[in-house]
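Worksheet for the structure shown next.
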Amino acid sequence: MSDIAAAPADPARGREVYDLDRAHVFHSWSAQAKISPLPLAGAEGSYVWDYDGNRYLDLSSQLVNTNIGHQHPKVVAAVQEQAGRLCTIAPQHANDVRGDAARLISGLAPDGMAKVFFTNGGAEAIENAVRMARLHTGRHKVLTRYRSYHGGTQTAVTLTGDPRRWPNDPWSAGVVHFFGPFLYRSPFHSETEEQETERALHHLAETIRFEGPDTIAAVLLETIPGTAGIMLPPPGYLAGVRELCDRYGILLILDEVMAGFGRAGSWFAFDHFDVRPDLITFAKGVNSGYVPLGGVVISDAVAHTFDERVYPGGLTYSGHPLACAAAVATITAMREEGIVENAFRVGQDVLGPGLAEIAQRHPVVGEVRGIGVFWALDLVKNQETKEEIAPYGGTSEAMTTLLGALRSRGVLPFANYHRLHVVPPCTISEAEAKEGLAAVDDALTEIDRFYEG
Ligand SMILES: Cc1ncc(COP(=O)(O)O)c(C=O)c1O
């Protein structure tokens, strides 16, 4: 147990915060009358607390973005210091922290990716990466996976595979979806990872052939799909995609918005694999959302396209000094404190083995998969049929019971459809991770009755 205590309870203030929210705040991705947001009063490290004196272990990292934990003192101090010095500067000027942030971020990427275009978040990073790819290649199509999420703005949401795309489909010109590898629910009826890699690559090659290679600007992949289920690419898949892209002059965009900056126990998730992207999109963990920031790391070849030609894109807050100061402090603190290494170790020594043990005790857990502090429990009604415990794009009594059970055991969960994701901050200690595992184990007992196998 951590010694971090919640602030003193103030239920009256909690009710005011709730009422204000319900009266005036319009929430993302929600039917407004059907939600009941939990008012949060504060946070520190791996914990958040409400106004009623309840403390929660944050196994969600909010929206899988507070990789450095809550209220990291070095990042808070850097934002405060920058606010006192220079709050804002337009993007057309040079600025010290913007340059430093760009240098540090491009330094984490492979050689030959010296430049960074800053945005306010992940969706804008996708918008701009795709725009760069289209202008660089002179082609218009982008291939992306069904099992993916790339953001809520127009281009990003149409590139997204999940059902949030469906109402936006009328605007999805030039977007083509395909199936990626996913052995547990193999779309290719594979029985081994080797088969899955080979068949998924064949499927992509056929998609490229039938769409017309000369029409395709980019293949866009989350290196490890996040919200869509945390499926690690099988050996050889990403290298095979790179090879197909090279064969046809197609750019490879790796979306590292969720998987990057320590989440997968590495700086970029693609560090685990033999692949080199042309464009990298990032956001979330780059500064753990202390101030909104995202961006695109650009290969020199793509960057040179815009040496003499105007890049037709920009944002008032591109490279905002407060956000960049937070990024510089975040990356520096993550280095100094071995936070990426901690994420890998906790995944390898505690979360991975602990979740595997939990799966042995609860047949509703069909599969556990992940790496670092990036884990998914695929929950099923039946181990043989693998029927999901909630429908694709929906929820179920089993899932709402599980989420309530976790909350009542002092855990903030992250869930998507039939899956529970265990995605704590990269700074989580072994003891906190064990506390989270015990709560997950116990909460699952409340949904064991939904197993029908
Ligand atoms: C892989 C991925 N790409 C893009 C986005 C969009 O980022 P943002 O919400 O900052 O616009 C997300 C958000 O969850 C994401 O997970």
Side-chain angles (χ1 to χ4, degrees), residues 2 45-47 57-70 72 108 182-184 193 222-235 238 254 256-273 282 284-286 288 330-331 333-335 337-362 365-379 406 411-416 419-441 444:
S2 146
S46 304
Y47 293 89
L57 179 65
D58 190 357
L59 287 192
S60 66
S61 296
Q62 297 304 294
L63 268 181
V64 203
N65 66 293
T66 54
N67 293 10
I68 201 165
H70 293 278
H72 192 291
L108 299 171
F182 183 15
L183 187 58
Y184 182 65
E193 287 202 316
E222 287 177 77
T223 310
I224 301 173
T227 311
I230 315 186
M231 296 82 81
L232 269 68
L238 291 175
L254 289 183
E256 291 266 342
V257 168
M258 187 177 281
F261 289 91
R263 178 69 35 207
S266 52
W267 282 100
F268 286 117
F270 64 73
D271 297 342
H272 291 298
F273 306 98
F282 65 89
K284 295 189 189 270
V286 65
S288 283
T330 298
I331 295 167
M334 286 177 96
R335 273 214 180 107
E337 296 170 22
I339 289 171
V340 176
E341 294 78 2
N342 184 68
F344 183 77
R345 204 170 39 242
V346 168
Q348 189 179 51
D349 297 346
V350 185
L351 293 176
L355 291 170
E357 261 180 46
I358 286 172
Q360 295 297 314
R361 283 194 285 280
H362 302 276
V365 181
E367 186 180 63
V368 172
R369 47 181 184 264
I371 190 167
V373 286
F374 203 26
W375 292 86
L377 275 61
D378 203 308
L379 304 174
L406 283 162
V411 162
L412 268 197
F414 182 96
N416 191 244
R419 274 174 277 106
L420 176 69
H421 290 192
V422 177
V423 283
C426 302
T427 48
I428 193 168
S429 68
E430 291 201 1
E432 290 166 344
K434 284 179 184 159
E435 177 191 332
L437 288 174
V440 169
D441 193 5
L444 282 168

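Below, each value reflects all heavy atoms present in this structure, side chains not excepted, and no hydrogens, waters or symmetry copies. Quick note: residue numbers are just sequence positions, from 1.
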Identify every side-chain donor-acceptor pair in residues 265-273 under 3.5 Å, counting partners at least two apart or on other chains, and give the distances.
unit_1	atom_1	unit_2	atom_2	d
Ser266	OG	Phe268	O	2.8
Ser266	OG	His272	NE2	3.1
Asp271	OD2	Phe268	N	3.1
His272	NE2	Ala264	O	2.8

Legend entry - Check: His70/Asp58 side-chain N/O donor and acceptor closer than 3.5 Å: yes

Inset, instruction - Please check if the side chain of Ser60 supplies one atom and the backbone of Leu63 the other of a donor-acceptor pair under 3.5 Å. - result: no

Inset, instruction - Start with the C-alpha distance between Phe282 and Val257, add both sets of side-chain angles, then the distance that settles side-chain contact (heavy atoms from CB on, under 4.5 Å), and finish with yes or no. - result: CA-CA 4 Å; Phe282 65 89; Val257 168; 5.5 Å; no

Legend entry - Heavy-atom side-chain proximity of Trp375 to Val423 below 4.5 angstrom: no

Legend entry - Whether Gln62 side chain and Thr66 backbone form a donor-acceptor pair below 3.5 Å: no

Inset, instruction - Mark yes or no for whether Arg263, through its side chain, and Asn65, through its backbone, hold a donor-acceptor pair below 3.5 Å. - result: no

Legend entry - Minimal non-hydrogen separation, Pro424 against Ser61, with atom names: C-OG, 2.9 Å

Inset, instruction - Please name the pair of heavy atoms, one in Asn342 and one in Cys426, separated by the smallest distance, quoted to 0.1 Å. - result: ND2-O, 2.8 Å

Inset, instruction - Would you name the heavy atoms of Pro425 and Val373 that are closest together and state the gap between them? - result: O-CG1, 4.0 Å

Legend entry - From Ile371 atom CD1 to Phe344 atom CZ, the distance as rounded to the nearest 0.5 Å: 5.5 Å

Legend entry - side-chain contact (heavy atoms from CB on, under 4.5 Å) between Leu406 and Leu420, worked out: CA-CA 11 Å; Leu406 283 162; Leu420 176 69; 3.7 Å; yes

Inset, instruction - For the residue pair Glu193 and Pro235, establish whether any side-chain heavy-atom pair is separated by less than 4.5 Å. - result: yes

Inset, instruction - For the pair Phe414 and Leu59, evaluate side-chain contact (heavy atoms from CB on, under 4.5 Å) and give the outcome as yes or no after the intermediate values. - result: CA-CA 7 Å; Phe414 182 96; Leu59 287 192; over 6 Å; no

Legend entry - For Arg419 against Ala376, the heavy-atom pair lying closest together: CD-CB, 4.4 Å

Legend entry - Val365 and Leu379, any side-chain heavy atoms less than 4.5 Å apart: yes

Only pairs under 3.5 Å count here: list side-chain donor-acceptor contacts from residues 346-361, not counting sequence neighbours, and write none if there are none.
unit_1	atom_1	unit_2	atom_2	d
Arg361	NE	Asp441	OD1	3.4
Arg361	NE	Asp441	OD2	3.1
Arg361	NH2	Asp441	OD2	2.7

Inset, instruction - Quick one: closest heavy-atom pair of Phe374 and Ile230, and the distance? - result: O-CG2, 3.3 Å

Inset, instruction - Show your working on side-chain contact (heavy atoms from CB on, under 4.5 Å) between Asn67 and Ile339 and close with a plain yes or no. - result: CA-CA 9 Å; Asn67 293 10; Ile339 289 171; over 6 Å; no

Inset, instruction - Specify the closest pair of heavy atoms between Val340 and Met334, including all atoms of both residues, with the distance to one decimal. - result: CG2-CE, 4.2 Å

Legend entry - Close side-chain approach of Glu367 to Leu183, heavy-atom, < 4.5 Å: no

Inset, instruction - Check whether any side-chain N or O of Arg369 sits under 3.5 Å from a backbone N or O of Gly229 as a donor-acceptor pair, and report yes or no. - result: yes

